[in-house]
Amino acid sequence: MALPYAADALEPVISRTTLGFHHGKHLAAYVNNLNALLPGSGFEEATLEEIVCQAAGGILNNAGQILNHELYFGQFSALKEGNEPTGALAEAIVRDYGSFEAFKDEFQKKGATLFGSGWVWLSADKDGKLVITQEPNAANPVQKGLKPLLTFDVWEHAYYLDYQNRRPDHLAALWQIVDWNVIEQRYLQG
Ligand code: MN
């Protein structure tokens, strides 16, 4: 996937350097790996979601990371002060977490306490109820029948150049660049 914004559009929350390595090297490697593994696998025509729910081993891991990063890179836009969700998604957050602040606290805590590499996710279940999960390595909530809405990448490659070991500071800063219109569209999609 091409980035939907310029390489420096997310500064200073995510630097041009981090974005360059993360999108241009890490994601590109997962794409190259998957393309090398697909021929003869039976998954040549499958969607990423189908692969992630049915495959194993290297095909699963690389497809999972591609799906995760497409959702991740596709959910940001330039820094906005006082950035908050609106509409049906905002109502669901207040309904299920009490307030946007309480939701952010729980999401950040789950991201900060995920041991090792992985992703923290906000998803919706089949009834539209919101769920926060920690997913290790390349896992994605679609594997649990959930609809993924928002994700923060807690692999060190996502933040180490900008924040070193300060993962919680990175997670706290990311709220300023979440494009809540994208997240709400994902929530409203059937
Ligand atoms: Mn990543």
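Just so it is clear, the structure is predicted and the values come from calculations on it, not from any experiment. Counting convention: from 1, in listed order, for ligands and their atoms alike. We number each residue from 1, following the sequence as shown.
Aromatic pair H22/H69: centroids less than 6.0 angstrom apart.
Remark: side-chain polar atoms of T18 are not paired, donor with acceptor, to backbone N or O of I14 under 3.5 angstrom. Although no hydrogens or angles enter the test, the distance criterion places a donor-acceptor pair under 3.5 Å between the side chain of N83 and the main chain of V178.
Taking a cutoff of 4.0 Å between a charged side-chain nitrogen and a carboxylate oxygen, R95 and E91 do not qualify as a salt bridge. Under 4.0 Å is where a charged nitrogen must lie from a carboxylate oxygen, and between E156 and R167 no such pair does.
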| field | Criterion ring pair (Phe, Tyr, Trp, His ring centres under 6.0 Å) on W175 and F152, from CA distance to verdict | value | CA-CA 10 Å; W175 298 113; F152 288 178; 4.9 Å; yes
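Note on the Mn ion (ligand 1): protein N/O/S atoms under 2.8 Å are H22 NE2, H69 NE2, D153 OD2, H157 NE2.
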